[in-house]
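Below is one structure, written out as structure tokens, with a few remarks after it.
Start at 1 and go down the list; that is how both ligands and their atoms are numbered.
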Amino acid sequence: MHRTTQEDRCRASPDELAFGTGKHCVSDPTTVAAKLRKMVVGGAGKTVVISDFDYTLSRFANGSGERLSTTHGVFDDNVMRLKPELGQKFVDLKNKYYPIEFCPKLTMEEKIPHMEKWWGTSHSLIVNEKFSKHTIQDFVRQSRIVFKDGAEDFIQSLDAHNIPLVIFSAGIGNIIEYFLEQKLGAIPRNTHFISNMILFDEDEKACAFSEPLIHTFCKNSSVIQKEAPFFHEINGRVNVILLGDSMGDIHMDVGVERDGPTLKVGYYNGSLDDTAALQHYEEVYDIVLIHDPTLNVAQKIVDVINSIH
Ligand code: MG7
Ligand code: MG
């Protein structure tokens with residue numbers, strides 16, 4: 001029997017999709033093709049996109065390979081500029097906890113208390129400083145958050161075809177909102193958020209964060225409030241396109257009760273030498289895109305679904 005090698009798998013792609021020249025892995029093309037067929041039969045009316053934001057809809061690195069910003073990172077950069085002492089506190093937290101988040105030797109259970117501490121401390125700093133909405137909007141304008149190529153068109157095309165987009169982020173939802181408003185002019189009607197939201201007092205100063213806290217390792221049904229107003233909109237949308245870049249993103253669909261397929265697209269931003277990590281991504285994501293700064297594949301999938309009806 002012919003054993004599929006890593007090389008073979010990285011070349012394989014289902015006939016329905018021409019992925020272009022970007023490097024990608026599909027470990028089980030038959031399953032991907034079967035899921036896609038079901039999604040095409042269901043059409044746009046049965047589809048919902050559930051996507052992570054940081055390093056999924058946004059770019060991981062610029063053309064020179066420099067790391068770009070996450071939504072939380074907006075505070076690191078801007079506060080460092082304005083109030084170096086406070087800025088250093090954000091940076092120290094990142095330096096301490098980021099290696100724990102990605103440590104291959106720790107289990108998820110071992111990491112969770114550290115993540116709660118990181119998010120909790122960082123959010124307290126934001127609330128204690130009482131940043132105004134206006135200041136945070138300015139921070140976003142000056143931030144190093146960059147859309148992946150084609151992200152604006154992707155979001156607009158979902159809206160045009162009435163496909164809901166649920167942005168499920170352990171980052172800061174308001175930052176995503178301001179970013180979308182600044183880039184798209186307004187937040188499209190189809191776009192909804194499950195995220196950490198900064199709450200403002202009557203003077204529009206940050207005074208608290210929404211509950212429950214969402215960190216990297218609790219992006220699942222436990223933090224989805226079923227009474228969210230958009231839930232009626234995604235009811236009956238049995239086919240899910242899930243976009244993520246981390247291991248914590250693969251259960252974002254479990255809050256949605258249904259029996260249709262989830263096509264999982266994973267953006268791998270790690271080292272190419274880390275074959276264990278890459279292999280792990282291939283096991284949990286249907287399609288793994290390696291160092292892909294575009295949304296071409298996600299757009300292709302949506303185009304295929306829309307092309308039939
Ligand atoms: N992330 C989480 N927190 C912070 C923070 O305070 N500063 C920075 N720079 N990054 C943070 O979108 C989720 C990602 O945001 C990062 C509290 C984590 O690495 C997480 O994966
Ligand atoms: Mg991410």
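Here the side chains of Ile241 and Ile305 are in contact, with some heavy-atom distance below 4.5 Å. Side chains of Phe139 and Val79 form a contact here, defined as non-hydrogen atoms less than 4.5 Å apart.
Residues meeting the ring pair (Phe, Tyr, Trp, His ring centres under 6.0 Å) test with Tyr268, sequence neighbours left out: Tyr281. Looking at residues two or more places apart in sequence or on another chain, you find a side chain to side chain contact (heavy atoms under 4.5 Å, CB included) between Asp201 and Asp203, Lys205, Cys207.
Under 2.8 Å from the Mg ion (ligand 2), one finds the following protein N/O/S atoms: Asp52 OD2, Asp54 O, Asp245 OD1.
In terms of heavy atoms, Thr262 sits closest to Asp286 at O-OD2, 3.4 Å. Residues Cys25 and Ile290 share a closest heavy-atom pair of SG-CD1, 3.9 Å.
Ring geometry for Tyr97 against His114 counts as tilted: the plane angle lies between 30° and 60°, on a 0 to 90° scale.
Taking CD1 of Ile175 as the reference point, atom OG of Ser195 lies at 9.5 Å (rounded to 0.5 Å).
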Run through all N or O atoms in ligand 1 and write down each protein N or O closer than 3.5 Å, as a pair with its distance.
unit_1   : atom_1 : unit_2 : atom_2 : d
ligand 1 : 6 (O)  : Trp118 : NE1    : 3.3
ligand 1 : 6 (O)  : Ser122 : OG     : 2.9
ligand 1 : 9 (N)  : Asp76  : OD2    : 2.7
ligand 1 : 12 (O) : Asp54  : OD2    : 2.4
ligand 1 : 19 (O) : Glu101 : OE1    : 2.6
ligand 1 : 21 (O) : Glu101 : OE1    : 3.4
ligand 1 : 21 (O) : Glu101 : OE2    : 2.5

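Side-chain N or O atoms of Trp118 include none that pairs as donor or acceptor with a backbone N or O of His215 at under 3.5 Å.
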